[in-house]
Amino acid sequence: MKNIFTKFCLSLLFAIVSTLAWAQPANDNCNSATSIGSLPTPGVCASGIQDGAAVTLNNQTTVGATGANPYTYLTGCSGGGNMQSPALDVWYSFTATGTSLNFAINGFPNASIGVWTGTNCNSLTGVSCTNIGGGGNGTLVVPTLVIGNTYYIQISGGSTTATDNNFSITLDNDTDCNNCLRQSALTATPAPVGGTYSPGQVVRFCYTVTQWEQTNTNWFHGVQITMGPGWTGTITNATPAATCQNIPGPGSDGDWIFFPSGYGSWGPGFYFDTTDGGTAASDNFGDNCSGTGLSWTFCWDLTVSSTCVAGQNLGVTVNTSGDGESGSWSNVACQTDAANTFTAVMASGPVMTSANTATICSNTSVGLALTANQPSTFSWVATANPNVTGESTTPQSGATINNVLVNTTSVPQVVVYTVTPTSNPGGCLGTPQAVNVTVDPPSVITLTSAVGTNAQTVCANNAITPITYSIGGSATGATVVGLPAGVTGSYAGGVFTISGTPTASGTF
């Protein structure tokens, strides 16, 4: 029986070793935030501050945490600066039972803390943030919570890799009974995606006051709007609230009016103008309603600047004033009323991620699939690489670059294949994505056994003379197909050996 072994298929063997010293925290992302539930309810308002009981969580950790890509963070934090970005973070959630949050963290040096609200983790709105010092202890007070709403707390270290394996957090809800403004809410439509808006995007804001207490007989008189530098600075499509007074005839005792250039010494916003006075602040009182169950709603549009400045502040702050402040009433109050704040930043553009890296032999090709986190149309351009032939550097639509052919003159090597977005309807271009393609020398098979033993004639049930091959180049093993029953191939120490006793007749 003549046995001819001519067909061999090499397979590259890869070993991937990873060590996981710490398990990933259960609250590693917003969707798996540790739920604290409803905080203890503050007492019924009489005077002063009604303080709810505190909740403390000990033995908290960020070790093993990961950071989302793109990373969600807040800017303009209390004390200055922005939250660390990117970072390794963990998340908590709670339901508000009072109008103010007192938050404290202990044992986490240089931590970044952000507070968000939203109906789900995909449409969070920033509320407030702080960065604490190296001592590891810090506090954050967040006013103007909406009772019954869900809020999220994001905690990370002060650098891209900082973690802490044992810290504690304490939080409670308060209600300040000295304020005129007791309950209000600021909403944005659409909600920011990952805390960001794109250049040129129009956002509709609505501010609603549902409880006002007339401290020192101060009627509700003004709503002031300020914004971050990422907006165009122009307020459009302003819709004032209706007066709360049940008096026949529109505007019979005054109206809410939008003043784009401000009102006296007060900034742009909505002010209540009474019919018996002029537009000067000293000639006007406020809207005369008090208590709970009110519904003043003011809406307006803001437009993100068309000039892309990734990470630029898109914050909005809404303050209120009684008529003892911005109007003509003689008794001052409402001066400590907390402002409502909204936080977002300008999107940095698409973040590209690679679906694969590759290890190939020279003179072979590979397709590289890349995707972007924003639903847009892109053109991709590949940067030319040395020692590479056959790659396309012309713009390609879609997310896949094909036909990467690597020259055999320079191996082994790692080719950094860079793809850059050249257009994006959102305005901001993303960061180029680098994909590493490891290029190994060609695999080599060399017959090393005695000449002629690669073609043998033996009888069935008799052993063949072993046939050996050296395996070189980038190959780390080999397989063989088409052998008769009883004959096998094995690899060890760079040598592939075919041996055994055939039990069937034929030519192989």
Side-chain angles (χ1 to χ4, degrees), residues 29-33 35 68-77 82-83 85 89 91-96 101 114-129 142-154 183-210 225-232 235-239 297-306 308 310-318 339-351 372-376 424-428:
N29 57 64
C30 176
N31 288 309
S32 61
S35 176
N69 184 12
Y71 190 76
T72 300
Y73 68 102
L74 296 175
T75 61
C77 300
N82 304 329
M83 290 183 66
S85 172
D89 56 8
W91 292 75
Y92 304 82
S93 68
F94 69 92
T95 301
L101 170 69
V115 178
W116 305 78
T117 188
T119 56
N120 61 70
C121 291
N122 294 324
S123 57
L124 294 179
T125 297
V127 178
S128 186
C129 61
V142 184
T144 65
L145 300 186
V146 177
I147 295 173
N149 278 12
T150 298
Y151 292 85
Y152 297 87
I153 300 174
Q154 176 188 17
Q183 187 76 171
S184 59
L186 176 62
T187 61
T189 305
V193 176
T196 68
Y197 288 119
S198 297
Q201 190 167 2
V202 178
V203 183
R204 182 73 169 168
F205 288 89
C206 285
Y207 177 66
T208 301
V209 175
T210 54
I225 303 167
T226 57
M227 68 196 78
W231 303 102
T232 60
I235 299 170
T236 59
N237 200 20
T239 305
T297 298
F298 308 84
C299 296
W300 63 95
D301 290 349
L302 296 180
T303 303
V304 183
S305 172
S306 59
C308 178
Q312 192 169 35
N313 186 350
L314 295 175
V316 176
T317 300
V318 178
N340 290 69
T341 58
F342 166 89
T343 301
V345 296
M346 192 178 296
S348 59
V351 175
N373 68 315
Q374 294 182 10
S376 302
N424 171 26
C428 283

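Note that the structure is predicted; figures quoted are calculated from it, not measured.
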Mark yes or no for whether [X], through its side chain, and [Y], through its backbone, hold a donor-acceptor pair below 3.5 Å.
| X | Y | value |
| --- | --- | --- |
| R204 | N237 | yes |
| T341 | V127 | yes |
| Q183 | V146 | no |
| S93 | I153 | no |
| N313 | G228 | no |
| Q154 | Y92 | no |

- Using the test side-chain hydrogen bond (donor to acceptor under 3.5 Å, both in side chains), find all partners of W300 that sit at least two apart in sequence or belong to another chain.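 By the side-chain hydrogen bond (donor to acceptor under 3.5 Å, both in side chains) rule, W300 matches no residue at all.
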
- Sequence neighbours excluded, which residues qualify as side-chain hydrogen bond (donor to acceptor under 3.5 Å, both in side chains) partners of S184?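 Counting only residues at least two positions away or on another chain, S184 forms a side-chain hydrogen bond (donor to acceptor under 3.5 Å, both in side chains) with N340.
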
Check: [Y] and [X] side chains under 4.5 Å, non-hydrogen atoms:
| X | Y | answer |
| --- | --- | --- |
| Y197 | V203 | yes |
| M227 | I235 | yes |
| T208 | T210 | yes |
| L124 | Y152 | yes |
| W116 | T72 | yes |
| N82 | L74 | no |
| V202 | L302 | no |

Distance (rounded to the nearest 0.5 Å) between [X] [atom1] and [Y] [atom2]:
| X | Y | atom1 | atom2 | result |
| --- | --- | --- | --- | --- |
| T236 | D301 | OG1 | CG | 4.5 Å |
| N120 | N31 | CG | CG | 8.0 Å |
| C121 | N29 | SG | CG | 7.5 Å |

- Message: Students often mix this up, so state it plainly: with edges at 30° and 60°, are the rings of Y151 and F94 parallel, tilted or perpendicular?
- Response: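 Parallel, since the angle between the ring planes stays under 30°.
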
If you take all heavy atoms of [X] and [Y], which pair is closest and at what distance?
| X | Y | result |
| --- | --- | --- |
| G114 | C129 | CA-CB, 4.0 Å |
| V345 | T75 | CG1-CG2, 3.1 Å |
| M346 | P199 | SD-CG, 3.9 Å |
| Q201 | P190 | NE2-CG, 3.6 Å |
| F342 | L186 | CB-CD2, 3.8 Å |

- Task: Check step by step if ring pair (Phe, Tyr, Trp, His ring centres under 6.0 Å) holds for W231 and F205.
- Result: CA-CA 13 Å; W231 303 102; F205 288 89; 5.7 Å; yes

- Message: Regarding D89 and Y73, do their side chains bring together a donor and an acceptor under 3.5 Å, going by distance alone?
- Response: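 Distance-only check fails for D89 and Y73.
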
